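The structure appears right after this line, and notes come after that.
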Amino acid sequence: MDFREVERRWQRRWKEARVFEPEVSERKKFFITVPYPYMSGSLHIGHGRTFTIGDIIARFKRLEGYNVLFPMAFHVTGTPVLAIADAIRNGDERVISLYRDYVRIYEDDEKKIEEIVESFKNPENIARYFSEKVIEDFRSMGYSIDWRRRFNTAEPIYNRFVEWQFKKLNERGVIKKGKYPITFSPEDGNPVGEDDIEDGDTNKVTIMEFTAIKFRYEDGYLVAATLRPETIFGVTNLWINPHGEYCRVRVGDEIWYISREAAEKLKYQKENVVIEDCMPGKNFVGKYVKEPVDGRDVPVLPAEFVDVDNATGVVYSVPAHAPYDYQALVDLKKNREYLRELGLSDEIVDRIEPIKIIDIKGYELPARDICERMGIEDQRDPRLEEATQIIYKDEFYSGVLNEKCGKFAGIKISEIKDEVKTWLKDMNMGDVFYETSRKAVTRNGHKVIVAVLQEQWFIDYSLQWWKDLGHKATDRMLFHPEKYREMMHGIIDWLNRRPCARKRGLGTRFPWDREWIIESLSDSTIYMAFYTIAHLIRESNIPAEKLTEEFFDYVFLGRGNAEEVSKRTGIEKDTIERMRSEFIYWYPNDLRHTAPAHMSNHLAFFIMHHVAIFPEEHWPGGISLNGLMIREGAKISKSKGNVIPLAHISTRYGVDLFRLYCAVAADLDTVMDWKESELSSLRKRFEKFVSMLEESVNSEGIEEDQMNHYDRWLLSRFYRRYRDSIEMMRSLKIRDAMLNMIFHFSNDIRYYEKHAGEERRRRIMRNVIEDLLKIISPVVPHVAEELWHMLGHDSFISLETLSAPRHDLIDDRIEREMEYVDSLISDIREIIDVAKIEPKKIYIYTAEPWKWEIFRAIKDSSPKTAIRDAMNAGVSVDKGEIVKFVKRMLKEKMGYFEIDERSVLEREKDYIERETGAEVIIDSSYDPKAKKKLALPLKPAVYIE
RNA sequence: GCGGGGGUUGCCGAGCUAGGUCAAAGGCGACAGACUCAAGAUCUGUUCCCGUAGGGGUUCGCCGGUUCGAAUCCGGCCCCCCGCACCA
C-alpha cells in the first residue's frame with residue numbers, strides 16, 4: 001500500500017465531502033476541544049501527540065454514534081508574537097535565522113523565505129502565516145477538525161466576545177482594581193519574571209509579606225518588620241544595626257524611621273514616600289520606643305545580625321521565642337565593654353527578661369532551650385537559621401498563645417496568625433512591607449525588589465463562593481487520569497487574585513480602561529462557546545460592532561429575546577435564533593484534551609470562568625490529559641536541535657504510523673519517549689499487519705456452518721478482544737485497546753495460521769475485517785478508510801458506527817482447550833530441556849476420573865475446607881491418596897474448568913508432534929516410570945523416551 | 001516550602017483503585033535455531049539463579065505491619081519527577 005498516496009486521497013475526499021462539519025441535529029452530540037496552539041512558530045511532534053490523541057478520541061466518539069464537533073482556532077494574543085516582530089525589525093540575527101528555519105519547513109525557494117521572514121516585521125503576518133501552515137499541517141495529520149469555525153484571538157469579532165466575558169465577570173463582582181505586589185527592577189523600571197532573574201529558574205524568588213509594626217519614636221515611628229506578628233506580645237526591645245544607615249521617611253502623613261535600603265524599596269510599595277534625612281543607626285541605640293499594643297517603653301539595642309537590606313532594617317526582639325533575639329541578648333549581656341562603647345548602661349540590658357507568650361509542649365523557654373540544645377554560643381552562628389526554622393515550625397503547628405496575648409489567648413498560632421495581622425493593620429499599629437524571599441538580581445545584575453502596582457486590574461479568584469462553585473464543578477467533571485481531579489481541587493484552593501491586564505501585547509482592550517489590554521490567559525477561558533457560532537458570524541458577514549453585550553447575552557445565556565436583539569443590533573432574527581440553538585445543542589464542552597502543564601492556569605480558569613458565567617448545565621464536562629513527549633530521552637526544544645516539525649511526519653514516517661505510535665508508545669499520562677528504533681520496528685509490524693489485511697480483501701469469508709474448531713477459536717479471540725477494546729477506548733485506554741486489537745491479535749492470527757494454514761487465514765480474516773477496521777480507524781484512519789473502500793463500501797469509515805460485539809462467538813471452552821494444549825507443550829519442552837533428552841516418543845497420561853470428581857467437588861472450596869470437602873465427595877479411593885492429591889491441587893492453584901482432555905489431545909496430536917518433533921502416544925498402558933499416577937486434571941503426566 | 005505523582009526483572013514499560021491464576025504482559029536489546037553463498041529482513045525458541053523429568057530458590061526502592069497468602073493493603077524511611085501565577 002502506498003501510504004502517502006492513501007493519506008492524501010482520503011484527506012482530499014474528507015475535505016470535499018465535508019465529513020467533519022457537523023450540523024445541529026436530533027442525534028446525541030459530543031463536543032471535544034483541544035486548546036488552540038500559540039502561533040509563534042510551527043508545531044512539532046511533541047504538540048502532535050496531544051492533538052493526535054484528541055483526534056483519536058473525536059473519531060472514536062463518532063464510531064460510538066455521536067455527532068462530534070472538533071473545532072480549532074489560533075492563539076495570537078499576548079507579547080511573544082509582538083516581541084518576535086520587534087526582534088526581526090531590529091535585525092536580531094538569532095531570531096531571524098530561527099524564523100528562516102521555521103519557514104524553510106514549508107518553502108524551498110530561499111528568496112521567498114527571505115521575503116516571508118521580512119514580512120514578519122509585522123506581527124499580524126506571523127500570526128497569519130503560521131495559522132495557514134498549521135491548517136495544512138493538521139489536515140495532513142488527518143485530524144477531523146471542523147475548519148469552518150476557526151478564528152484567531154486577535155480578530156475583532158473575538159475581541160468583542162472577550163469583552164463580553166469581562167462584562168459578565170464584572171457582573172459577578174470579580175473584576176477588581178487595586179494594589180498588587182510584583183518583583184521589579186528599579187534600574188530597568190520594569191517588572192521582572194522568573195526568566196529575567198539570575199538563577200530564577202533553579203532558585204525561585206517569591207514575595208514575602210512582612211508585617212511592619214510601628215513603634216512610637218519621637219515625631220513618628222521606628223518601624224520593625226516581622227514574619228511573626230503574633231509575637232508582638234512578647235517584645236522586649238528593638239534591634240538595629242549600629243553600622244547601618246537609617247532614614248527619616250515621610251510616608252503619607254506619617255514619619256517612619258527605617259533603613260535607607262528599606263526606604264528606597266518603600267518608594268515602590270507605597271504612594272507619597274519621601275526620604276527626608278538620614279543618620280547612622282547608632283543614633284537610635286539606647287533610645288526608648290513605645291510598643292504599640294500596651295504602650296510599654298522598650299529600648300533600641302544594637303545587633304550585628306540585623307540586615308539593613310532585609311525588610312525595614314529594624315527588627316523587634318522576642319527573646320523567649322526567637323533564637324536570634326535570645327542569643328543577641330545573651331551576647332550583649334556578656335559584652336559590657338561593647339555596651340560602654342555605645343554609651344549604654346548595664347542596667348538597660350540587665351532589666352530585659354524574655355517574655356514567654358506561647359505555650360508549647362517540650363519547651364520551657366523555646367528560644368533558650370533550642371540554643372542550649374544545639375550548643376549555640378554566638379549570634380553569628382549560622383545554625384541559628386536552622387534553630388529559627390525548628391522553633392517556627394513547632395510553634396506554628398502546636399504552639400498556643402498564652403494569657404499575655406489579650407483576646408488571642410488560648411488559640412493555636414496556625415489558626416490565629418492572619419487574624420493578628422489584620423488586627424494590627426486595622427488598629428494602625430501595623431502595615432505591610434513586601435520583601436523578596438532571597439537577595440536576587442536580574443540577569444544584567446540589577447537589583448530585584450518588590451514593587452506594588454497601585455492601579456492593577458485583576459480577577460479575584462480568592463472569593464469563597466467562586467471557589468465553592470469551582471470545587472462543585474470539579475467534583476462532577478470527568479478527569480482522565482483521575483488523579484488530576486485532586487490536583488484541580490488543590491489548584492482551586494490556591495488560586496488568588498490574578499492580574500488580568502497588561503500594557504503591552506496583542507489582545508482585547510480592557511472594557512473600562514482602554515489603555516490596558518486583557519492578558520492573554522484570561523482571554524482563553526470560555527472560548528469554546530465561541531466555536532459554536534463563529535462560522536455563522538462569518539457566514540452572515542456580521543461586523544464586530546454588531547456583536548454587542550445583549551447579543552451575546554441572548555445567544556449564550558438566553559437573556560432577553562431574539563426579536564429585541566435583532567432590532568438593536570441589526571442582525572437577522574433567524575441568524576440569532578440559529579446561533580442560540582447551535583450553542584444550546586453543542587454546549588457544554590464535553591471533553592477538553594490537553595497537557596498537564598496547563599492545569600494550574602488554562603484549565604483552572606476554564607472551570608472557574610465557566611462556573612462564574614454559565615448555568616450549571618453548561619459547565620465543562622471533562623478534562624483528559626496526556627503527558628509530555630521527549631525524544632531519545634531528551635526534551636524537545638529548538639535549542640537542542642532535536643525538533644521534528646509536524647509538517648515532516650507525512651513524508652518521513654507516514655501519518656498513520658505516527659498516530660499509531662502516539663497511541664501505543666506510552667500510556668496517556670506518562671511521558672512518551674520518541675525513539676527512532678522503536679518507530680522503525682513499529683513500522684515493520686504495522687506494514688505487515690496492513691498487508692495481511694489487504695490479502696483478505698478479496699478472500700471469501702467462511703460460513704458459520706463450515707467453520708472448524710480453529711476458526712471458532714480465532715473468532716472467539718477476536719470478539720473477546722473487540723469487546724474489551726471498545727470498553728478500553730471508552731475509558732480512554734487507547735494504548736491498551738490498540739495493543740490488544742493490533743499486536744496481541746496479530747499473535748492470535750499467527751497461531752491460527754500455524755494450525756489452519758495461510759489460505760484459510762485469509763478467509764477467516766475476511767469474517768472479522770470490517771469490525772477490525774472500525775475499531776482501529778480512530779488511530780489509523782487513512783489505512784482504515786482505504787481498506788474499507790477496497791472492501792466495496794461507498795460510505796466513509798470515519799462516519800461509521802461500531803457494530804455490537806458478537807458475544808455468541810466468544811467461546812471460553814475452545815480457548816481453554818488451546819491453552820491446555822500449549823501449556824502441555826511447554827511442559828514437554830521444559831522436560832526435554834532439563835533432562836537433555838533427544839525425544840523419540842512422548843507418552844501423555846491424563847488424570848484418572850476420580851481426580852476429576854474430586855476436582856469438581858472442591859472447585860469452590862477454600863484452602864481450609866478443601867480436604868474435608870474432598871473426603872465428602874464419595875470417591876472410593878484410599879484416603880491417603882485423596883489427601884495427597886488435594887494438597888497438590890492446592891499448590892498448583894489450578895482454576896477449575898472442565899474439558900475432555902483425551903479428546904482434545906487426540907484432536908491436537910499432530911500439532912503436538914509438530915511442535916515437539918516426536919511421536920505422541922496418549923494414555924498408553926505402557927508406563928515404565930509409573931507417571932500416570934502423577935497426572936492432575938488439566939495437567940497430564942508425561943513420559944519421554 | 002506548598003501541592004500532585006512516582007520508584008517493577010539488562011533497558012523502556014504494563015500490572016498495582018477490586019490481594020492469590022505474578023518470575024510478573026508487551027516492546028527493545030542479547031543469545032540460539034530455521035531460511036540465505038553471505039549480510040539484512042523474516043520466523044521459532046530462550047533471556048533472575050540452581051536443577052539429567054515438568055521442580056526448587058530469591059525478587060518488584062528500604063524497614064516493619066495486616067493476611068493462610070502482598071509487586072498489589074497499612075505505617076515509617078530514602079530517593080526521583082512535575083507545577084507554583086501575571087508567563088504562553
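To find a chain, count down the sequence lines: A is the first, B the second, and so on, and within it residues start at 1. Owing to the predicted nature of the structure, the values given are computational and were not obtained by experimental measurement.
- Listed nucleotides: B:C84, B:A88, B:G5. Nearest to the side chain of A:Lys483: B:G5.
- Of the nucleotides present, B:G76 is the one that pairs with B:C62 by Watson-Crick or G-U wobble criteria, both distances under 3.5 Å.
- Cation-pi geometry between A:Arg498 and A:Tyr461 is not met: the NZ or CZ atom fails to fall both under 6.0 Å from the ring centre and inside 45° of the normal.
- Cation-pi geometry between A:Arg761 and A:Tyr752 is not met at under 6.0 angstrom from the ring centre and within 45 degrees of the axis.
- In this structure, A:Ser681 reaches the sugar-phosphate backbone alone: every heavy-atom distance under 4.0 Å involves primed, P, OP1 or OP2 atoms, never a base.
- Checking the phosphate oxygens (OP1, OP2) of B:A88, no side-chain nitrogen or oxygen of A:Ser524 falls inside 4.0 Å.
- A:His609 places its NE2 atom 13 Å from the C1' atom of B:A85, with the value rounded to the nearest Å.
- With a cut-off of 3.5 Å on both pairing distances, the Watson-Crick or G-U wobble partner of B:G29 is B:U47.
- Checking B:C2 for Watson-Crick or G-U wobble geometry (two distances, each under 3.5 Å) identifies B:G83 as its partner.
- No engagement by A:Lys929 is indicated, since no non-hydrogen atom pair under 4.0 Å with the nucleic acid exists.
- Only the C1' atoms considered, B:G6 is 12 Å distant from B:C16, to the nearest whole Å.
- Nearest to the side-chain atoms of A:Glu519 among the listed nucleotides B:A88, B:G13, B:G54 stands B:A88.
- Applying the Watson-Crick and G-U wobble criteria (two distances, each under 3.5 Å), B:C16 pairs with nothing in any strand.
- In the model, A:Tyr36 has a side-chain atom that pairs as donor or acceptor with a side-chain atom of A:Ser524 under 3.5 Å.
- A distance of 6.0 Å or more separates the ring centres of A:Trp457 and A:Phe166.
- Looking at heavy-atom distances under 4.0 Å, A:Arg485 makes no contact with the nucleic acid at all.
- Using a 4.0 Å heavy-atom criterion, one finds that A:Ser826 contacts no nucleic acid atom at all.
- Among the heavy atoms of the strands lying under 4.0 Å from A:Ile944 is at least one base atom, whether or not backbone atoms are also near.
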